[in-house]
2 protein chains.
Amino acid sequence: MTLHEAFRTIPDHRQPTCAAWASAPSPGSLQPVFIPAGAGIYAQGEKSDRLYQVEFGAVRVYRLFADGRRQISAFHLCGEVFGFEAHSTHHFFAEAICATGIRMLRTSPHRNGLADELLPVALQGLARAQEHLLLLGRQNAAERVAAFLIEMSERQGGLDTVELPMSRTDIADYLGLTIETVSRVLSRLRQKGIISLPALRSIEIVKRSALRDMAA
Amino acid sequence: MTLHEAFRTIPDHRQPTCAAWASAPSPGSLQPVFIPAGAGIYAQGEKSDRLYQVEFGAVRVYRLFADGRRQISAFHLCGEVFGFEAHSTHHFFAEAICATGIRMLRTSPHRNGLADELLPVALQGLARAQEHLLLLGRQNAAERVAAFLIEMSERQGGLDTVELPMSRTDIADYLGLTIETVSRVLSRLRQKGIISLPALRSIEIVKRSALRDMAA
DNA sequence: CGCAGGTTTGAGCACCCTCAACGAATGTGG
DNA sequence: CCACATTCGTTGAGGGTGCTCAAACCTGCG
């Protein structure tokens with residue numbers, strides 16, 4: 001199976017790259033571009049000469065294996081900058097999870113002081129990747145889900161009600177689990193009264209301390 | 001169990017921070033410092049205001065969980081720069097795997113053009129972390145070990161004989177496996193004639209293509 | 001109301017971990 | 001130089017966590 005064939009097996013994928021790019025004013029523009037749910041922002045193998053900032057909505061960045069396995073390396077929420085991928089070509093796919101607005105940032109190679117702005121952003125990405133690494137390498141299913149809920153809550157201002165823009169499949173592919181395991185862990189957390197599920201993609205953290213203890 | 005107690009449970013740890021620092025000329029010096037095998041270079045919680053370059057030897061960077069679990073986030077071999085950890089305090093431990101020479105690089109906050117030098121190094125670290133993430137999230141034991149051997153070979157110039165400075169325990173904690181599983185996979189690779197083991201920490205890649213196919 | 005996609009729940013199994021014993025290599029002291 | 005201790009690595013048996021396969025259940029939407 002080629003990568004492209006495998007690509008089609010992901011059910012919620014619609015387009016390899018977003019058609020909206022065609023109607024974008026001009027590269028380097030600071031105008032936000034609208035990306036419909038499921039549409040691609042960039043693809044593995046494409047040239048990478050820009051950065052992207054989420055204006056509203058959410059983005060998933062992932063790698064696809066030849067046999068269809070998928071690993072999401074990061075979610076990007078409102079305000080966050082992404083698109084760093086060393087070298088000059090992308091090694092990951094980026095897609096809008098839901099209806100999303102993206103602001104493009106040109107990365108002209110040697111603009112004065114550009115590296116000073118980029119370095120902190122790159123370092124935050126590095127720190128996130130390192131934390132994620134620990135989770136994938138040494139935590140069990142319950143710990144992963146608990147850590148994910150805490151992370152999402154904190155990235156949304158620490159509120160007790162967390163709105164998840166992504167599907168269970170996305171969560172599973174982010175945490176290195178299966179959708180069934182994610183669902184089972186959430187059910188068990190609900191049974192224990194640690195969380196409640198007001199809606200499918202809305203989670204209320206009832207006992208944050210218990211969740212914190214699990215995530216460690 | 002406190003982190004400090006857990007710290008003691010790691011058998012091959014000798015000192016929290018290397019005594020050699022005391023005898024180092026002055027911070028910011030470009031003189032290499034010798035670190036004996038197993039000695040610490042920096043510790044979780046310490047202030048981080050320097051970068052480090054491996055002159056010879058090898059370094060492991062890891063996080064310790066309260067219950068003793070360990071995840072090595074990266075190995076650093078000769079020539080590589082490490083020590084990036086966002087914020088101002090370290091969130092990981094760094095130790096010499098074997099007798100190692102370290103060159104310290106001062107990171108004065110706003111030296112002109114410093115970010116231009118640092119950004120490529122940070123981006124390489126980010127790329128490595130992202131690749132490692134895929135491995136930990138979606139690959140099975142055999143794939144992880146195969147990928148590790150390929151990675152080590154390529155980082156040592158692509159030679160067929162790979163010298164591993166680290167123990168099986170280190171490999172296991174890097175790959176998110178147990179030492180027994182690592183050992184079993186290596187034995188199976190040897191039985192299949194894909195590798196041979198001239199010495200305990202020396203591995204010869206006999207069928208590189210087969211190894212590549214497994215790692216994918 | 002019926003369909004489709006997403007989610008939940010269950011039963012069985014596979015892979016990897018745990019526990020344990022053995023073997024090999026290295027260093028130390030007699 | 002050898003006996004011994006210690007650490008590291010290998011191999012085996014058994015068990016548990018999470019995956020696979022499958023079916024039922026929502027929920028939004030035409």
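Values in this document were obtained by computation on a predicted structure and should not be read as measured data. Naming: A, B, ... by sequence-line order, numbering from 1 per chain.
For Arg168(A) and dG5(C), a side-chain-to-base donor-acceptor distance below 3.5 Å is absent, hydrogens and geometry of angles not being considered. In terms of polar N and O atoms assigned as donor or acceptor, the side chain of Arg184(A) comes within less than 3.5 Å of the base of dT20(D) in a complementary pairing.
Here dT7(D) presents its C1' atom at 18 Å from CE of Met166(B), a figure rounded to the nearest Å. Residue Arg188(B) contributes atom CZ, which lies 11 Å from atom P of dG12(D) at whole-angstrom precision. In this structure, Glu180(B) places its CD atom 18 Å from P of dC15(C), rounding to the nearest Å. For the pair Leu164(B) CG and dC8(D) P, the interatomic distance rounds to 16 Å; values are reported in whole Å. In this structure, CG of Leu189(B) is placed 12 Å from P of dT11(D), rounded to the nearest angstrom. Going from atom CD1 of Ile179(B) over to atom C1' of dG23(C) covers 14 Å, rounded to whole Å. Straight-line distance from the CD atom of Glu143(A) to the P atom of dT17(D): 12 Å, rounded to whole Å. One atom, CZ of Arg69(B), and another, C1' of dC17(C), lie 13 Å apart when rounded to the nearest Å.
Toward the 5' end of DNA chain C, the nearer of the two residues Arg138(A) and Arg190(A), judged by each one's closest nucleotide, is Arg190(A). Projected onto DNA chain D by closest heavy-atom contact, Ala142(A) and Leu200(A) fall at different nucleotides, the more 5' of which corresponds to Ala142(A).
Across all strands shown, Arg201(A) has heavy atoms under 4.0 Å from sugar-phosphate atoms exclusively, and none from any base. Residue Leu177(B) is in sugar-phosphate contact alone, with no base atom involved, counting any heavy-atom pair closer than 4.0 Å across all strands shown.
Contact between the side-chain N/O atoms of Thr181(B) and the OP1/OP2 oxygens of dC17(C) is found at a separation under 4.0 Å. The shortest distance between the side-chain N/O atoms of Thr178(B) and the OP1/OP2 oxygens of dC17(C) is below 4.0 Å. Side-chain N/O atoms of Ser187(B) include one lying less than 4.0 angstrom from OP1 or OP2 on dT11(D).
The shortest non-hydrogen separation linking Gln44(A) to Leu64(A) is OE1-N, 4.1 Å. Listed here is the closest heavy atom pair of Leu200(A) and Arg168(A): O-NH2, 2.9 Å. Across Gly38(B) and Arg60(B), no two heavy atoms sit closer than the pair CA-NH2, 4.3 Å.
Using a 4.0 Å cut-off between charged nitrogen and carboxylate oxygen, Glu154(A) and Arg128(A) do not count as a salt-bridge pair.
For the pairing with Val145(B), the side chain to side chain contact (heavy atoms under 4.5 Å, CB included) check across Ile171(B), Asn140(B), Leu177(B), Leu211(B) returns one residue only, Leu177(B).
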